[in-house]
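Letters go in sequence order (proteins before strands), and every chain restarts at 1.
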There are 2 protein chains.
Amino acid sequence: MATTRDRQLVEQWRSIQNSYFRTAGAIDRALEAKFDIGLNEFEILDLVAESEESACRMKALGERTPMTQSAVSKVVDRLEKAGLVSRQTCVDDRRSLFLELTEAGRALHSSAAVEHRALLKENLG
Amino acid sequence: MATTRDRQLVEQWRSIQNSYFRTAGAIDRALEAKFDIGLNEFEILDLVAESEESACRMKALGERTPMTQSAVSKVVDRLEKAGLVSRQTCVDDRRSLFLELTEAGRALHSSAAVEHRALLKENLG
DNA sequence: TCAATGTATATGACGCGTCATTGAATGACA
DNA sequence: TGTCATTCAATGACGCGTCATATACATTGA
């Protein structure tokens, strides 16, 4: 039986969906147009930029985004091909990788971050 | 320059992303496992079920979900192939289509809706 | 009544994310 | 030290959503 509570939940859910899709779509299109990277690429760039000092393992990224391990790997592929990030092998544990922003990556990130924040403000209020 | 306001926005955004991905993922897997339909299929089924009396045009669906027109069309393809929905041509405007739940569609929807609501409650609190 | 323009849906090429699996390195423990 | 299980990351097959278009029908207005 469809309770009022149920309807509330469904409304709340649809509202989250809209919030998410509108915002993600807007940011994605803008970053694509101005910086030629997608939203997920930016998100990873952003995470790498954040953890700059304690050099950033792939593993750690996976824990900070809802993306799959394999998605992260492919996003990093693209970022690396675009020359924005570089994978550094890790001596302590040779299964692991560290990620570093290249100069180009750092530059692009700081411009793109401005746009990103602006669009968040616009869309999330 | 990275203001506190910016950090707040980014936090808020990540929280929405997590909410969305965790919830969508959980529902999608559950529906897939128990009813063999994905989340988007269910969402469309749900919308069709809602507007049952004022027969439901494709067009109207597009306005009620963040999905693309073309995505909706393909979701409906799958639902139709699965025998859950049928497309009825519209006499007034032969470009349009009405959607109807089949018996199987109605049955599946009412079971799946229970699961759906339960998972929303669990994930959105 | 006949363009020209607009609207409702379908379709194909394409990119990306996911799942399952693989390969390589590590750890645990007898 | 030698197995066996575990962990990190990469890869290939696959499904789905998107964009740009196509197709069919409708509407407008001269």
Side-chain angles (χ1 to χ4, degrees), chain A residues 17-18 20-22 24-33 36-44 47-48 55-82 85-100, chain B residues 17-18 20-22 24-33 36-44 47-48 55-82 85-100:
Chain A
Q17 284 187 308
N18 281 321
Y20 179 74
F21 277 106
R22 271 195 327 112
I27 299 178
D28 192 55
R29 279 187 291 277
L31 293 179
E32 201 79 62
D36 198 42
I37 62 171
L39 176 53
N40 282 350
E41 278 80 2
F42 176 79
E43 307 263 20
I44 294 297
L47 288 173
V48 177
C56 183
R57 287 183 309 144
M58 291 287 286
K59 185 72 193 317
L61 286 184
E63 287 158 2
R64 292 172 170 281
T65 118
M67 286 182 243
T68 298
Q69 174 266 317
S70 121
V72 173
S73 176
K74 294 184 181 188
V75 170
V76 171
D77 278 352
R78 277 174 254 141
L79 290 173
E80 197 173 26
K81 265 171 203 143
V85 137
S86 77
R87 287 189 236 235
Q88 310 283 344
T89 67
C90 167
V91 194
D92 297 354
D93 182 343
R94 282 186 305 200
R95 293 168 303 182
S96 290
L97 291 175
F98 291 117
L99 295 185
E100 264 185 18
Chain B
Q17 284 186 308
N18 281 320
Y20 179 74
F21 276 106
R22 271 193 328 111
I27 299 179
D28 192 54
R29 280 187 290 277
L31 293 179
E32 200 79 62
D36 198 43
I37 62 171
L39 176 53
N40 283 350
E41 278 80 2
F42 175 79
E43 308 263 20
I44 293 297
L47 288 174
V48 176
C56 183
R57 288 183 310 143
M58 291 287 285
K59 184 73 193 318
L61 286 183
E63 287 157 3
R64 293 173 169 278
T65 117
M67 284 184 244
T68 299
Q69 174 267 317
S70 120
V72 173
S73 176
K74 295 184 182 190
V75 169
V76 171
D77 279 353
R78 276 173 255 140
L79 289 173
E80 197 172 27
K81 265 172 203 143
V85 137
S86 76
R87 286 188 238 235
Q88 310 284 344
T89 68
C90 167
V91 193
D92 296 355
D93 182 343
R94 281 186 305 202
R95 293 168 303 181
S96 289
L97 292 175
F98 291 118
L99 295 184
E100 262 185 20

Visitor: With a 4.5 Å cut-off on side-chain heavy atoms, are B:Arg94 and B:Thr89 touching?
Guide: no
Visitor: A:Ala24: what forms a side-chain contact (heavy atoms from CB on, under 4.5 Å) with it, not counting sequence neighbours?
Guide: A:Tyr20, A:Leu39, B:Trp13
Visitor: Protein-nucleotides 1-3 of chain D N/O pairs closer than 3.5 Å?
Guide:
none

Visitor: Starting at NZ of A:Lys81 and ending at C1' of D:dA10, how long is that distance when rounded to a whole Å?
Guide: 12 Å
Visitor: Kindly write out the residues that satisfy side-chain contact (heavy atoms from CB on, under 4.5 Å) with B:Ala30, not counting sequence neighbours, or none if the list is empty.
Guide: B:Glu115, B:Leu119
Visitor: Closest to the B:Arg87 side chain: C:dA10, D:dA9, C:dA8?
Guide: C:dA10
Visitor: B:Arg29: what forms a salt bridge (charged side-chain N to carboxylate O under 4.0 Å, His left out) with it, not counting sequence neighbours?
Guide: none
Visitor: Would you list the pairs meeting side chain to side chain donor-acceptor pair (under 3.5 Å) in which at least one residue belongs to residues 63-74 of chain B, sequence neighbours left out?
Guide: B:Lys59-B:Glu63
Visitor: I need the CE-P distance between A:Met58 and C:dA24, as an integer number of Å.
Guide: 18 Å
Visitor: Under the rule for side-chain hydrogen bond (donor to acceptor under 3.5 Å, both in side chains), what residues qualify as partners of B:Asp93, not counting sequence neighbours?
Guide: B:Arg95
Visitor: Could you tell me the separation between the CG atom of A:Leu97 and the P atom of C:dG23, rounded to a whole number of Å?
Guide: 18 Å
Visitor: Using the test salt bridge (charged side-chain N to carboxylate O under 4.0 Å, His left out), find all partners of B:Arg87 that sit at least two apart in sequence or belong to another chain.
Guide: B:Asp77, B:Glu80
Visitor: For B:Asp92 and C:dT7, what is the distance between atoms CG and C1' respectively, to the nearest whole Å?
Guide: 15 Å
Visitor: Measure the distance from CD1 on B:Ile37 to P on D:dG15 and round it to the nearest whole Å.
Guide: 18 Å
Visitor: Among residues at least two apart in sequence or on other chains, which ones pass salt bridge (charged side-chain N to carboxylate O under 4.0 Å, His left out) with B:Glu41?
Guide: B:Arg78
Visitor: At under 4.0 Å between heavy atoms, which parts of nucleotides 16-25 of chain D does protein reach? Answer with one letter per nucleotide, 5' to 3': B base, S sugar-phosphate only, - none.
Guide: SSBB----BB
Visitor: Measuring from atom CD of A:Gln17 to atom CD of B:Glu43, what distance do you get when rounded to the nearest 0.5 angstrom?
Guide: 4.5 Å
Visitor: In this structure, how many angstroms lie between the P atom of D:dG15 and the CG atom of B:Asp77, rounded?
Guide: 15 Å
Visitor: In whole angstrom, give the distance that lies between atom NZ of A:Lys59 and atom C1' of C:dA24.
Guide: 16 Å
